[in-house]
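Atoms within each ligand, like the ligands themselves, are counted from 1 in listed order.
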Amino acid sequence: MTSIIVVGSGVAGMTAALEAVDTFDVTLLTKADLAESNTRYAQGGVAVVIDDMADPGAPTLGDSVASHVADTLVAGAGLSDPDTVGILCAEGPAAMDELIGRGVQFDRHDGELSHGLEAAHAHARILHAGGDATGAGIAYALIDRVRASDVTVREQTTVVDLIVEGGTVVGVTLLGGEQLRADAVILATGGAGQLFPYTTNPAVATADGLGMALRAGAVAADLEFYQFHPTSLDAPGNFLVSEAVRGEGAVLIDADGKRFMLDVHPDAELAPRDVVARGIAQQMARQPGIPVRLDATALGAEFLARRFPNIDAACRAQGYDWGIVPIPVTPAAHYYMGGIRTDEWGRTSVPGLYAVGEAACNGLHGANRLASNSLLEGAVYGSRVIEGLRDSQPVAAFDADWLAPLDLDLTDDPDAHDVSRADLQQLMWDAAGLARNGADLAQAASELKRWKSPEVTDAKAAEDANLLVVARAVVATALAREESRGGHYRTDYPQTDPAQARHSAIAARDDAS
Ligand code: FAD
Ligand code: SIN
C-alpha cells in the first residue's frame, strides 16, 4: 500500500492525513475551504480523562477511564459497543497530548488545563479552547500542520462517488468527472444535519460519504439514531447554545418562568440530551407561540462574555443581552450516531474503503452520543485508521450478531419527480425528527419513493442525491425499530424493548442501480 485519499478536512480527516503522511502518499480532498466542517463550529469541548494526560498542566480530578466509559455506555442506551468505547476513553488522553503537540491551545488557568462539566458526565472533564471556540482552535491548528506537511491538499473539490472495481474501492470520482485512484479511500465526510430544516450543522453536512458508501454497497449501521441538540438559539441559523452553558448553571424556564425540566428528569437541565430535547419540544407544544427560554442571567454578563464569547456575540447579533434576559431556545438536528459501519480500525465492509469520525459508525455512540465525545472520536479513530492501514489488514471481520440487516432499494420510480431539498428536510423533520410514529414514517417512506435522484450536474445536485438515499435509509431503519431508545423516540412504542438491544444495519440490494 502506498497511496491514500482522505475525503474531508474535519478533525478526523486532518488527523488521519497527518498520521499517514510520513508513510504514505496522501491526498486530502475537501469540498469547501479546509476550515469548513462541523469541527470548526464545535463549541463545548473535548471530553477526556485529563488525569491521564502527560501534559504538565493536567490537573488531578479523580477521574478515570472506567468512569468515562461508564458515562458513555449510559448515554448510548444499551447500544454502545464496549470495545470501541474503551479504546476511545483509554486512548483519548494521548490523543489530546498529540493535539497539544500539534499546536492546539486548550484554555488554561494559572498554567493548569481548564475543564468544564457537561450533561451526563460524572466529572468536569471537558477541555475547551477559546472559551466556546474549541472546534476552531482544533481546526486551525491542524490546518497549519497540514499546510506545512507533504499532504497534497485540494480544496473546493467535491467527491461525488467511489470507484468500485471487482468489489474493491480503488478511488473516487470528482464533480466534473475527474477520477483519482489510490490504494485506500478514507471517508471523513462528517455528518448529516442538512437532512433537517433546523440544524446546528453548516451547509457542508449533507451525508455525502454515507450516500456514496451506500451506493458502493457498503453496510451502514444505526441510521435511525440521530441526535437533536436541546438548545439552539430560536432564530434563523439555529446557532448552538452549548451544553456547557447549562453545565455552568443556566436553567430552562417555561412561559411562567418555572424550571420545567425539574418535573421531567432528576438531573433536570443536565439530563441526557434526548431527554432535554424532548422535554423542550413538549413544553413548546404546551405553550404554542411562546418560546422556551434558557436563563443564564445568574452567571452574569461579564462571565458569559468571557467564557462563551461566540455565543455572546450570536445572542447580541439577535438583539439579546443574555446577561440580563433569558434567551429563546429550540432543539435542532446536531449529530449523527449512525453512519458507515466500521470496526475499531475504521474498516468498512468493502475492501479499500475506510471511514472515520461522524461519517462512520463503529458502535461507540450507540443510540445516543455523550456530549463532547465526537471531537475525541475524530482524534482517536483518525489516528487508528492509519495504524490499521500500516498493518495492512484489508477486510473487516464484523460480528454476525452485531447486525439486524435491512435492504435498501435504491431504484428510482420512473414516474418520480426530482427531489426538492426543502421538501425533503421538512418531511424528515415532521416524520423522522424528535418524535416519530409508524404511520408518519410509512407515509414518508412512500413519499421518498416518489422523488428521484437528480442528475449530478453541480455540487448541490450531488448533495441532494446523497440526502435522498440517506433519508430513505433513515426512514426505513426508524420504521423497523419498534421501540424507543436514545435518539430514536417512537410515540407508538414509547418503551425501550430489551429484545431490540442490537444495532441495525442497512445495505443496498445487489440488484440496485
Ligand atoms: P467534519 O468536521 O464535519 O468534517 C467533514 C469534512 O468533509 C468537511 O471538511 C466537509 O467539507 C468534507 N466533505 C463532506 N462531503 C464531502 C465531499 N463530498 N467531498 C469532499 N469533501 C467533503 N463535538 C464535540 O465533541 N464537542 C463539541 O463541543 C461539539 N460542538 C459542536 C457544535 C456544533 C455547532 C456542531 C455542528 C457540532 C459539534 N460537535 C461537537 C460535533 C463535532 O463537531 C463533529 O461531530 C465532529 O467535528 C465531526 O468531525 P469529522 O472530522 O468527522 O467531520
Ligand atoms: C455543545 O457544546 O453543547 C456541543 C457539544 C457536543 O455536541 O458534543
Q: Could you tell me the residue and atom name of the protein heavy atom closest to atom 2 (O) of ligand 2, and the distance to it rounded to 0.1 Å?
A: Ser242 OG, 2.6 Å
Within the 4.0 Å heavy-atom shell around [X], which atoms of ligand 2 are there?
| X | value |
| --- | --- |
| Arg369 | 6 (C), 7 (O), 8 (O) |
| Gly44 | 2 (O) |
| Ala371 | 8 (O) |
| His229 | 1 (C), 3 (O), 4 (C) |
| His334 | 4 (C), 6 (C), 7 (O) |

(Q) So for ligand 2, is Ser372 a polar contact partner (N or O within less than 3.5 Å, distance only)? (A)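 By distance alone, the answer is yes.
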[X] bridged to [Y] by N-O distance under 4.0 Å:
| X | Y | value |
| --- | --- | --- |
| Asp55 | Arg108 | yes |
| Glu377 | Arg369 | no |
| Arg102 | Glu19 | yes |
| Glu463 | Lys460 | no |

(Q) Within a 6.0 Å radius of atom OH on Tyr198, are there more than 12 heavy atoms belonging to other residues, nucleotides or ligands? (A) no
**Q.** Neighbour count above 12 (heavy atom, 6.0 Å) for Gln105 CD
**A.** no
Q: Kindly tell me which protein residues have any non-hydrogen atom under 4.0 angstrom away from an atom of ligand 1, grouped by chain and ordered by number?
A: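 Around ligand 1, where the cutoff is 4.0 Å for heavy atoms, the contacting residues are Val7, Gly8, Ser9, Gly10, Val11, Ala12, Leu29, Thr30, Lys31, Glu36, Ser37, Asn38, Thr39, Tyr41, Ala42, Gln43, Gly44, Gly45, Thr157, Thr158, Val159, Ala188, Thr189, Gly190, Thr200, Asn201, Val204, Asp208, Met212, Leu240, His334, Tyr335, Gly357, Glu358, Arg369, Ser372, Asn373, Ser374, Leu375.
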Q: Just do the side chain to side chain contact (heavy atoms under 4.5 Å, CB included) check on Asn362 and Trp345 with the steps written out, would you?
A: CA-CA 9 Å; Asn362 62 19; Trp345 299 105; over 6 Å; no
Q. Just by distance, with hydrogens left out, do Asp234 and Thr330 show a side-chain donor and acceptor under 3.5 Å apart?
A. no
Q: Please check if any side-chain donor atom of Asp71 sits under 3.5 Å from a side-chain acceptor atom of His121, or the reverse.
A: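 Not at all, the side chains of Asp71 and His121 share no donor-acceptor pair under 3.5 Å.
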Q. Is Arg246 touching ligand 2 with its side chain, its backbone, both, or neither, if touching means heavy atoms under 4.0 Å apart?
A.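 The answer is neither.
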Q.
At under 4.0 Å between heavy atoms, is it the side chain or the backbone of Leu240 that contacts ligand 2, or both, or neither?
A. side chain
Q | By side-chain contact (heavy atoms from CB on, under 4.5 Å) - contacts of Thr72 (at least two apart) | A | His68, Val85, Cys89, Leu364, Leu370, Asn373
Q. Any chance the rings of His365 and Phe225 have centres within less than 6.0 Å?
A. no
Q. Nearest heavy atom to atom 5 (C) of ligand 2: which of Glu243, Arg273, Gln43 does it belong to?
A. Arg273
